[in-house]
Peer 1: 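Provided herewith is a single structure, encoded as structure tokens, for subsequent inquiry.
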Amino acid sequence: MTFTDFAFDDQLLDGLNSMGFKTPTPIQTQAIPIVQSAHDLIACAQTGTGKTASYLLPVMDGICRLEKRPPISALILAPTRELALQIDQQVEGLAYFTGITSIAIYGGGNGIDYEQQRRSLREGVDIVIATPGRLIAHLNSGGVLLDQLKYLVLDEADRMLDMGFQEDLLRIVGKLPKVRQTLMFSATMPAKIRKFAEKLLNNPQHVNIATSKPAEGIKQEAYRTFDEQKNKLLLSLLKEGDYNSIIIFASTKEKVKHLSTDLRKLGLKVKAFHSDLKQEERQEILLNFKNKKVSVLIGTDVLSRGIDVDGIDLVVNFDVPGDPEDYIHRIGRTARAETTGTAITLVNNKDFRKFKAIEEFMGRVVDIIPLPEFLGEGPSNPLASTNKNGNNRRKKKPFRKNGQRKHFSKKKPDAVG
DNA sequence: AAAAAAG
């Protein structure tokens with residue numbers, strides 16, 4: 001199968017060829033005909049599967065074929081600014097010969113950005129790619145020409161609901177024409193998403209190519225460590241290994257900030273990436289990472305989904321993500337497009353059960369690598385320890401009189417908020 | 001549990 005089988009507009013095909021697209025991916029093969037047949041669509045698919053082109057191509061083809069183009073033909077909603085920007089860049093590449101116009105609408109920029117966005121939304125632009133918050137701000141100021149829109153796409157719908165965008169999304173959809181084509185993409189399909197889809201979609205067709213299994217090309221490893229050992233272990237992993245491009249994930253912004261200063265003190269050239277940075281800084285860092293001017297990025301989960309950077313050969317989970325889905329997304333930053341990569345997770349005692357849950361979710365175990373000798377003993381495996389009866393059941397909670405609670409851990413003040 | 005997104 002080739003892209004010519006879809007009978008796309010010639011100019012769109014030119015753009016496709018110039019971007020080096022050859023063979024459609026499974027999601028594209030399945031989704032494109034559905035969109036072309038004017039049905040609504042729910043697709044369960046992760047990034048890296050060719051998901052973005054699977055809706056951009058038929059939507060852009062549809063726009064090329066409109067007898068009269070409305071001021072705004074398509075609205076694409078995405079959870080993060082980086083994803084919105086990335087989609088917009090893909091539109092620009094594909095649209096090169098078509099005359100289709102687009103703009104990414106998101107917050108965090110300067111007043112000039114806001115004015116440009118406002119003008120486009122009031123004067124018309126074929127495709128709008130937006131994060132919900134900023135689009136709402138524009139809708140509140142009025143004059144946004146969405147009343148003749150043909151296509152609505154919700155990308156990473158599960159992530160948008162997780163981020164509390166449900167009400168914003170419903171408000172946005174309330175401003176759109178009832179007759180339109182709606183396409184929803186989500187990495188997971190919990191009941192919450194299904195219910196949400198029922199509100200927005202009309203008799204949708206389903207496509208499912210999602211999997212709880214990470215790509216074959218990812219070598220997964222884990223180390224059991226105490227927190228005090230993590231920095232030194234990380235340093236040795238980075239120094240011993242022959243890696244060109246590395247992402248290190250940590251679960252909070254504070255951890256990301258601390259870790260990047262720590263690693264810098266240890267002599268590594270690293271950049272931190274999180275939402276406390278100015279949007280221009282975020283973009284510059286990501287650009288330099290893509291250019292390979294920056295080789296080590298330390299980031300929060302804002303980087304875990306949707307970011308498509310070629311050539312990342314190592315992902316380190318400095319701690320274990322709480323949600324197995326996030327683990328899959330994080331390690332999926334490496335081994336993209338048929339390449340290989342390594343994913344290493346540092347597991348302390350507190351995270352051990354979360355890590356077991358991830359293994360269960362994937363249906364496979366991850367090799368535990370012994371700590372390098374210079375680090376001394378790591379923690380022993382709490383689930384493998386045997387009690388005096390010789391079985392490996394975990395110890396029962398000690399009986400307590402009067403049901404009192406015993407405080408095992410005090411919350412650190414900086415761990416709050 | 002925290003992240004992100006509107007200032």
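What you are looking at is a predicted structure, and each value in this text was computed from that prediction instead of being measured. First the proteins, then the strands, lettered A, B, ... as listed; each starts at 1. Below, each value reflects all heavy atoms present in this structure, side chains not excepted, and no hydrogens, waters or symmetry copies.
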Peer 1: What contact category does A:P79 fall into here, base, sugar-phosphate, or nothing, at under 4.0 angstrom with non-hydrogen atoms?
Peer 2: sugar-phosphate
Peer 1: For A:N202 and A:R180, which I'm curious about, is there any donor-acceptor pair between the side chains at under 3.5 Å?
Peer 2: no
Peer 1: Within the structure, does a side-chain N or O atom of A:R330 lie under 4.0 Å from either OP1 or OP2 of B:dA3?
Peer 2: no
Peer 1: Side chains of A:N231 and A:D262 only: does a donor on one sit below 3.5 Å from an acceptor on the other?
Peer 2: yes
Peer 1: From the list B:dA2, B:dA5, B:dA6, which nucleotide is the closest neighbour of the side chain of A:T252?
Peer 2: B:dA2
Peer 1: Return the value, rounded to whole Å, for the distance between atom CG of A:D155 and atom P of B:dA5.
Peer 2: 15 Å
Peer 1: Would you say a side-chain N or O of A:S304 is under 4.0 Å from OP1 or OP2 of B:dA3?
Peer 2: no
Peer 1: Could you tell me how far apart A:M160 (CE) and B:dA6 (P) are, to the nearest whole angstrom?
Peer 2: 12 Å
Peer 1: Between B:dA5 atom C1' and A:K278 atom NZ, what is the distance in whole Å?
Peer 2: 19 Å
Peer 1: Measure the acute angle between the ring planes of A:Y55 and A:F185, then classify it against the limits of 30° and 60° as parallel, tilted or perpendicular.
Peer 2: tilted
Peer 1: Between A:D158 (CG) and B:dA3 (P), how many Å, whole number?
Peer 2: 19 Å
Peer 1: For A:R159, answer base if it contacts any base atom (sugar-phosphate contacts may also be present), sugar-phosphate if it contacts only those atoms, and nothing otherwise; contact means non-hydrogen atoms under 4.0 Å.
Peer 2: nothing
Peer 1: Does OP1 or OP2 of B:dA3 have a side-chain N or O of A:T300 closer than 4.0 Å?
Peer 2: no
Peer 1: Would you indicate which nucleotide in B:dA3, B:dA6, B:dA2 comes nearest to any side-chain atom of A:D326?
Peer 2: B:dA2
Peer 1: Taking the side chain of A:E82 as its heavy atoms from C-beta onward, which of B:dA3, B:dA5, B:dA2 lies nearest to it?
Peer 2: B:dA5
Peer 1: Determine: side-chain N/O of A:K253 to OP1/OP2 of B:dA4, distance under 4.0 Å, yes or no.
Peer 2: yes
Peer 1: Would you mind classifying the nucleic acid contact of A:D168 as base, sugar-phosphate or nothing, using non-hydrogen atoms under 4.0 angstrom?
Peer 2: nothing
Peer 1: If you measure from the Lys or Arg side-chain nitrogens to the Asp or Glu carboxylate oxygens, is any gap between A:K192 and A:D158 under 4.0 Å?
Peer 2: no
Peer 1: Separation of A:H274 atom NE2 from B:dA5 atom P, in whole Å?
Peer 2: 12 Å
Peer 1: Check A:L83, A:L94, A:I87 against A:T52 for a side-chain contact (heavy atoms from CB on, under 4.5 Å) and give me the one that passes.
Peer 2: A:I87
Peer 1: Rounded to the nearest angstrom, tell me the gap between atom CD in A:E156 and atom C1' in B:dA3.
Peer 2: 14 Å
Peer 1: By the 4.0 Å heavy-atom rule, please label A:G164 as base, sugar-phosphate, or nothing.
Peer 2: nothing
Peer 1: Whole angstrom is fine here: how far is it from CG in A:D162 over to C1' in B:dA3?
Peer 2: 10 Å
Peer 1: Using atom CG of A:L135 as one end and atom P of B:dG7 as the other, report the distance to the nearest whole Å.
Peer 2: 12 Å
Peer 1: Measure from the side-chain heavy atoms of A:R134 and tell me the nearest of B:dA6, B:dA1, B:dA5.
Peer 2: B:dA6
